[in-house]
Engineer: 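Here it is, the structure in full.
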Amino acid sequence: MWLWDRDPRGDVKWLDPEEVELYDFEAAKRRFFFEAERGADLLSLLPQDRRRFYEILNQSSEAGETAKADILEALAFFYGDPKSDEAGEHLQIWTSLRYEALAPPTAFVSSLAVPKDHVSLRVPRLRPQVAEMLEYTPDHVRLVVSGAGGGIGLDLDLDLWLALMSIRRGMPQKYHDPVVGRRLDDFMSRVAAQRRDGVKGYVQVHVRDVDASTTRRIDVSVETKKYRL
Amino acid sequence: MSFSQITHRVATDVWGFVPNRDIKSVHLANGLFKELTQQVGAPNAVQRVAGGFLSGKVHRRKGDPMTTEQVREEIREYVIVADGGGINTDRVEDLRAALDAVLKQDRAFFGNGPFTPTLTHRLLTTSDPSDQQTGWLLAHVLFAGASKAASALRHALDTPTDNTYLLASPLLKHTDMPSPPDPDPRVVDRVNGSLALRNVQEAFETLAGYASDLEKTMFLQRTVTLGSFGLFLHLVNAVPNDDRGLVPILLSSVEQESEVLRASRDAFRRAEQRTEQAFEAGLRREFERSGQDTLKADEYVDVARTEYLHPDGTKRDKRVWRQFETDFSTGLVESDPFTAFVRALTPAAFVEIGNSSPADVAKFIGRTAGLVFPRNQGRGDRYYLPASQFIDALVTALVEPDEDPLTEHAFWSRARNRFGIVSGALGHEDTATLRAWGIVAPPAGRLAHNATGLLHEMLRMGHARQFADGVALIKPSV
C-alpha cells in the first residue's frame, strides 16, 4: 500500500505539478520514517528527554538503574530537598495537606524514607506465552516501592517523565502542572499509608517550607510524645 | 426583634447555618471533626509556640509578644535534651517555624484569638466558631445516614499516624474520644425534605468506602472538599417546591470553548439567583408569621427605615438604604408591595449577615472547594472549572469501590442525578437540562468537545482509561 495508495482499478491520472511535489514529499517522508536502513538512529533526532524515555522502554535493566536514580533525584527536587546529604540514596516519602483548593500546599512533611534498594523501575512486558502472538509496545514504566501486595507503583508515562526531567533541571515547584503534583502526592501518600505502622522510637520529621525554600528537621518520640531538641 | 436577629433566624431556618463569606474549608473541617468526635481538642500550646511565628505576629502574653526564650521555658516539659545540656534556642526556632509552616496553610492559624490549624486529628480541633454551624449541620447529615461515613471519619480522626499529628503531638492534651451522639431530629427532617442533602449523604457513604484505601490525610481532604461542595449544593438548592431538580452545574474543561464558558457562567448565575430566592422565600415566611405581609408601600418604607435599616448611620448603612429604596421602587412596578419589600430587603439582609451578597457566599464556598473559577478574589464573572482536588473528590463520591468501572455516559448520568453536574457527555439530555433552566445551551459539538476535555483530565489523573475502540471507563485510581 505504501508504494501504490491509489485505487488500482482506476484509470491513470495525470497529476498537477503541485500534486506530484506533494506525492514525492509523502514518499520521501515515508521512506525516511519507515524504510530507513538505520531507523533506530532516527531516535537521536528526538529531544534528549523523549529519547531517554523511549530508550528506557526498549532497553535493558541498566538503563533502568540510571533512570531510577534520575527519578529519585527529580522527586527530591520536586519536594525541595535536593541538597540533603542522603538525597539519591533513598526515596523520602513526603505528604502534604491543604484543605482549600485555591492553591497547592505550601509545606511538605516527611517522617519516612525508603532505601534505594527497595525501589525498582519496571517496564511492562507480555508473558512469554503470549508475547509471540501479540505485538505490544509499552507506553509507560513503573516505579515500584516494594511492600505487601506487590508494592506501590507510580506509572510514568511520557507526560510525567518529561515533567520530572524538567523538575530535575530545576524548574521551580510553583510552575508545575497541578496534575503532575497531584499524581506524585497520590503515590507518596499511598507509600506513607502502607509503611506507617510499626514506626517506633525517635522519628525525624522533615518539614519543607515551599515559600521560604527551607527544610527543617525535628526529632519526635512516638512513644513518649516528646521532642528531642 | 432586631434586623440582625431576623436575618440570622431566617438563614438558619432556610439552610441550617448562616451563610458567611468567611467560612473557609478548614473552618468547616474544624466544625465537622468536632461534632463527629464530640470533642474540642486543646491545641492552645501549639498556638502559643507557633501561631504567627513566620509572619511575626506571634502570641502575646500580657501584651508583649512571646520570645523564643519564653517559648523554650514553656515547652521544657515536652522536651528531652539529648546530651543533658540546655535546650538549643535555634532548635526551638526550628520547631516554631516547622509547626507554623504546616498548620498555617489554610490561612486560619493565628498567634492570637480564635484559630484553626490545618488539622488532621481530633486533638487539633479548636473552639473557633467561624464555621457558622456548617460543621455541625454536616456532621448530623452524616449521623442521619447509613453511618458508614461517620464511623470511618471518627476512626480516621482518632488514628495517630499522620505527620501533622506526629509533629504537634507533644504539645497536645491527650484524652479519649467520647461516643457519637444520636442524629439531631431537626437535621433529619431537613435531610428528608432536601434532595441535595440526601444526595450529599449518599455521596459521603460512597466516599467512606475508600477510607481503607486512601492515606488518612487524603481521605480527610476529600471529605472536606466534598463537604464544601455539599454546602454549595445545599445553599443553591434550598428553594422550596421546585420540581426541576438540582440547579445545573456545567463543568467546563481546561480547553474552554467560548460558548461553553458562557453557558457555564449562566449556570453559575442561576445558582446565585437560587440562593437569593431561597432566602427571599424564608424572609417572606418570617414576615407572614409576624403579620407584616399586608402593609401598604409607604408603610413598608417606614418599617424599613425605623426598624431594620439605618438611613442616617454609617457610610455602609447609607449605601444599603439607597440600594433598598431603588430596589423597592423598581419592584413596585412589577409586583405587590410585600413581594417588592422582601426582594429589596434581601441584599440588605446579606450585608447584615456578613457584609456580603449571596453571590459572594456561593463564590467563596465554590472557590475553596475547587469548583468555581477564577479562584482568586475580586470582580469578574465566575464559572465552573474543576480543580484536580475537586475531580478526586467527585470520582470517589460517585463510583462505589466494589463496582465495575463506569462508562462515560453512566458516570456523567450519575453526576447529573446526584449533583446536577452537566459535562456535555450526555448530548441532548444535557442540552435539555440546560434549557429547562433558561440557559442557552452551546452547540452539541462544543458540548461534546467539552466532555472530551474533562475526560482527558481524568485520564491524566489516572481515574479513567480509554481503550482502542474509543470507549472510556471511569474508576477512581484512589
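All of these numbers come straight from a predicted model, not from anything done at the bench. Order of the sequence lines sets the chain letters (A, B, ...), proteins ahead of strands, with each chain counted from 1.
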Engineer: So for B:Ile75, is it side chain, backbone, both, or neither that comes closer than 4.5 Å to the heavy atoms of chain A?
Structural biologist: side chain

Engineer: Given heavy-atom pairs under 4.5 angstrom as the criterion, report whether the side chain, backbone, both or neither of A:Thr214 touches chain B.
Structural biologist: neither

Engineer: Side chain, backbone, both or neither: which part of A:Val203 has a non-hydrogen atom closer than 4.5 Å to chain B?
Structural biologist: side chain

Engineer: Can you tell me which of A:Asp209, A:Asp159, A:Val179 forms the most heavy-atom pairs within a distance under 4.5 Å of chain B?
Structural biologist: A:Val179

Engineer: Can you confirm whether the side chains of B:Asp392 and B:His463 place a donor and an acceptor under 3.5 Å from each other?
Structural biologist: yes

Engineer: For ring pair (Phe, Tyr, Trp, His ring centres under 6.0 Å), just list the numbers for B:Phe229 and B:Phe390, CA-CA rounded to whole Å, side-chain angles, deciding distance to a tenth of an Å, and then say yes or no.
Structural biologist: CA-CA 9 Å; B:Phe229 178 50; B:Phe390 180 84; 5.0 Å; yes

Engineer: For chain A, which candidate among B:Thr120, B:Leu220, B:Thr164 shows the most heavy-atom pairs at distances under 4.5 Å?
Structural biologist: B:Leu220

Engineer: Report the option among B:Arg460, B:Met461, B:Glu77, B:Lys104 that has the most heavy-atom pairs separated by less than 4.5 Å from atoms of chain A.
Structural biologist: B:Arg460

Engineer: Just verifying a value: how many Å separate A:Tyr99 OH and B:Gln389 CD, rounded to the nearest 0.5 Å?
Structural biologist: 10.5 Å

Engineer: Pick one: which of A:Val191, A:Val144, A:Leu160 meets side chain to side chain contact (heavy atoms under 4.5 Å, CB included) with A:Leu154?
Structural biologist: A:Leu160

Engineer: How about A:Arg208 and A:Thr215: does a side-chain donor come under 3.5 Å of a side-chain acceptor?
Structural biologist: yes

Engineer: Should the pair A:Phe78 and A:Phe108 be assigned to parallel (<30°), tilted (30 to 60°) or perpendicular (>60°) ring geometry?
Structural biologist: tilted

Engineer: Determine the option with the most heavy-atom pairs under 4.5 angstrom with chain B, choosing from A:Thr106, A:Val205, A:Thr224.
Structural biologist: A:Thr106

Engineer: If I measure from the heavy atoms of chain A, does B:Thr217 come under 4.5 Å with its side chain, its backbone, both, or neither?
Structural biologist: both

Engineer: Against chain A, label B:Gln105 side chain, backbone, both or neither, depending on which of its atoms sit under 4.5 Å from a heavy atom there.
Structural biologist: both

Engineer: Where on B:Leu28 is there a heavy atom nearer than 4.5 Å to chain A: the side chain, the backbone, both, or neither?
Structural biologist: neither

Engineer: What residue in B:Leu95, B:Val26, B:Ile87, B:Asn88 has the most heavy-atom pairs under 4.5 Å with chain A?
Structural biologist: B:Leu95

Engineer: Does B:Arg96 come within less than 4.0 Å of B:Asp100, counting only side-chain N to carboxylate O?
Structural biologist: no

Engineer: What part of B:Phe219 is in contact with chain A, defined as an atom under 4.5 angstrom from a non-hydrogen atom: side chain, backbone, both or neither?
Structural biologist: neither

Engineer: Is it the backbone or the side chain of B:Ala393 that comes under 4.5 Å from a heavy atom of chain A, or both, or neither?
Structural biologist: neither

Engineer: Under 3.5 Å, is there a donor-acceptor pair between the B:Thr125 and B:Asn30 side chains?
Structural biologist: no

Engineer: With a 4.5 angstrom heavy-atom cut-off, which part of B:Arg222 approaches chain A: side chain, backbone, both or neither?
Structural biologist: side chain

Engineer: Under the side chain to side chain contact (heavy atoms under 4.5 Å, CB included) test against A:Leu91, which residue among A:Ile71, A:Leu112, A:Val145 passes?
Structural biologist: A:Val145

Engineer: Identify which part of B:Ala369 has an atom lying under 4.5 Å from any heavy atom of chain A, answering side chain, backbone, both or neither.
Structural biologist: backbone

Engineer: Given the options B:Ser477, B:Ala98, B:Gly370, which has more heavy-atom pairs under 4.5 Å with chain A than any of the others?
Structural biologist: B:Ala98

Engineer: Is A:Tyr202 close to chain B through its backbone or its side chain, or both, or neither, when contacts mean heavy atoms under 4.5 Å?
Structural biologist: side chain

Engineer: Under 30°, 30 to 60°, or over 60°: which ring-plane class applies to A:Trp94 and A:Tyr79, parallel, tilted or perpendicular?
Structural biologist: parallel

